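Note that this is a predicted model, so its numbers are computed, not measured.
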Amino acid sequence: MIIRKATIEDSESIAALLLLAMEEIIYKFIGERDPKTAYYFVLHFVETEKNQYSYQNCFVAEDNDEIVGAVSIYEGGKLQELRQPIVNYVQLNFNPDFDPENETQSGEFYIDSLGVSQNHQGKGIGSKLLQFLIEEFVTQNNLTLGLLVEEENPNAKKLYLKLGFKVVGVKTLVGKKLEHLQIS
């Protein structure tokens with residue numbers, strides 16, 4: 001398995017994988033529980049440059065020429081700039097009052113979403129993606145990584161803590177309370 005920077009050609013795979021990680025949040029963004037609408041919403045932004053879900057901000061895990069995992073990560077201080085195209089799109093097409101809370105801030109590279117193919121879950125791919133990011137951002141570049149985890153996802157939290165992340169607070173995103181973890 002290799003982990004590499006994503007390209008625009010990876011967009012369809014990335015969109016499907018990121019949607020696995022943030023399906024409920026996307027449903028709240030678009031105000032409906034339609035998997036097809038949610039997928040095309042995410043795909044639109046993965047294919048588009050300069051937003052938080054863009055392929056430009058993604059890494060993929062590839063095994064036997066198949067993308068089996070994807071992660072979106074960006075500098076937390078750029079959240080407003082990277083989120084604005086999404087806010088504009090949601091306000092125009094789905095919810096004119098859409099105004100999500102800030103999920104990250106300056107001082108951390110934010111792991112926005114990480115998804116692993118359902119056929120490949122339980123094989124350590126998510127862990128390998130996280131270890132890659134820790135090596136790349138924390139070990140080599142002395143930066144801080146941050147992420148949010150749902151209370152209803154104790155297995156993910158357990159993995160993050162095992163890898164060295166520490167709970168630093170609580171955040172709210174589209175009305176949902178999430179634990180904020182970091183590693184430096």
Short N-O contact, Arg4 and Glu62, less than 4.0 angstrom: yes

Steps toward side chain to side chain contact (heavy atoms under 4.5 Å, CB included) verdict (Arg83, Asn51): CA-CA 6 Å; Arg83 177 183 274 161; Asn51 73 80; over 6 Å; no

Atom pair CD1/OG1 of Ile30 and Thr37 - distance to nearest 0.5 Å: 5.5 Å

Flag, side chain of Ser11 to backbone of Ile8, donor-acceptor distance under 3.5 Å: yes

Gap separating the CD1 atom of Ile2 from the CZ atom of Phe59, nearest 0.5 angstrom: 12.5 Å

Passing candidate, side-chain contact (heavy atoms from CB on, under 4.5 Å) with Val71, options Ile14, Leu130, Leu147, Leu129: Leu129

Check: Phe98 ring centre within less than 6.0 Å of Phe29 ring centre: yes

Intermediate values then yes/no, side chain to side chain contact (heavy atoms under 4.5 Å, CB included), Asp112 and Glu103: CA-CA 9 Å; Asp112 188 297; Glu103 61 208 83; 3.4 Å; yes

Asn95 side chain to Gly31 backbone, donor-acceptor under 3.5 Å: no

Closest non-hydrogen atom pair between Ile26 and Ala38, with its separation: CG2-CB, 3.7 Å

Flag side-chain contact, heavy atom, 4.5 Å: Ile183 against Leu163: no

Straight-line distance of Lys28 NZ to Ile25 CD1, nearest 0.5 Å: 8.0 Å

Backbone N/O of Ala156 and side chain of Asn153: donor-acceptor pair under 3.5 Å: yes

Tyr40 reachable from Leu18 in the ILVMFWY side-chain graph, under 4.5 Å edges: yes

Arg33/Glu24 ion pair, N-O < 4.0 Å: yes

Pairwise side-chain contact, Asn102 with Leu79, heavy-atom cut-off 4.5 Å (strictly under): yes

Short side-chain donor-acceptor distance under 3.5 Å, Asn88 and Gln84: yes

Close side-chain approach of Gln118 and Leu20, heavy atoms under 4.5 Å: yes

Tyr53 and His44 aromatic centres sub-6.0 Å: no

Minimum heavy-atom distance between Val174 and Pro100, given as atom pair plus value: CG1-CB, 4.4 Å

Reported OG1-to-OH distance for the pair Thr104 and Tyr110, which is rounded to 0.5 angstrom: 6.5 Å

Side-chain touch Lys5/Tyr55, heavy atoms, less than 4.5 angstrom: no

From CD (Glu108) to OG (Ser184), nearest 0.5 Å: 9.0 Å

Residue list, side-chain hydrogen bond (donor to acceptor under 3.5 Å, both in side chains) with Glu32, at least two apart or on another chain: none

Audit row: Lys171, Glu101, side chain to side chain contact (heavy atoms under 4.5 Å, CB included) steps and yes/no: CA-CA 9 Å; Lys171 298 245 182 199; Glu101 303 89 342; over 6 Å; no

Atom of Leu17, atom of Ser117 and distance for their closest heavy-atom approach: CD2-N, 3.2 Å

Atom CZ of Phe94 with >12 non-hydrogen neighbours under 6.0 angstrom: yes

is_close_aromatic(Phe41, Phe45), centroid dist under 6.0 Å: yes

Side-chain heavy-atom pair Val149, Leu181 within 4.5 angstrom cut-off: yes

Beyond-backbone contact of Phe137 with Asn142, side-chain heavy atoms, under 4.5 angstrom: no

Test log, rule side chain to side chain contact (heavy atoms under 4.5 Å, CB included), inputs Glu75 and Glu81: CA-CA 11 Å; Glu75 188 178 335; Glu81 168 191 338; over 6 Å; no

Heavy-atom closest pair, residues Gly107 and Thr144: O-CB, 3.5 Å

Carboxylate-amine/guanidinium contact Lys157 Glu179, below 4.0 Å: yes

Joint cluster assignment, Ile73 & Ile3, ILVMFWY side-chain distance < 4.5 Å: yes

Flag side-chain contact, heavy atom, 4.5 Å: Gln52 against Ile86: yes

Exam field: side chain Gln121 to backbone Val116, donor-acceptor pair closer than 3.5 Å: yes

Heavy atoms from other residues, nucleotides or ligands near CG of Asn141 exceed 12 (cutoff 6.0 Å): yes

Pairwise distance NZ(Lys50) to NZ(Lys78) - rounded to 0.5 angstrom: 10.5 Å

Hphob cluster co-occupancy, Met22 + Leu178, side-chain heavy atoms under 4.5 angstrom: yes

In one Ile/Leu/Val/Met/Phe/Trp/Tyr side-chain cluster, 4.5 Å: Val168, Tyr160: no

Min side-chain heavy-atom separation Ser127-Gln131 under 4.5 Å: yes

Any side-chain donor near an acceptor of the partner, Thr7 and Asp10, under 3.5 Å: yes

Within the 6.0 Å centroid threshold, strictly below: Tyr74 and Phe109: no

Within one Ile-Leu-Val-Met-Phe-Trp-Tyr cluster: Leu133 and Leu143, side-chain cutoff 4.5 Å: yes

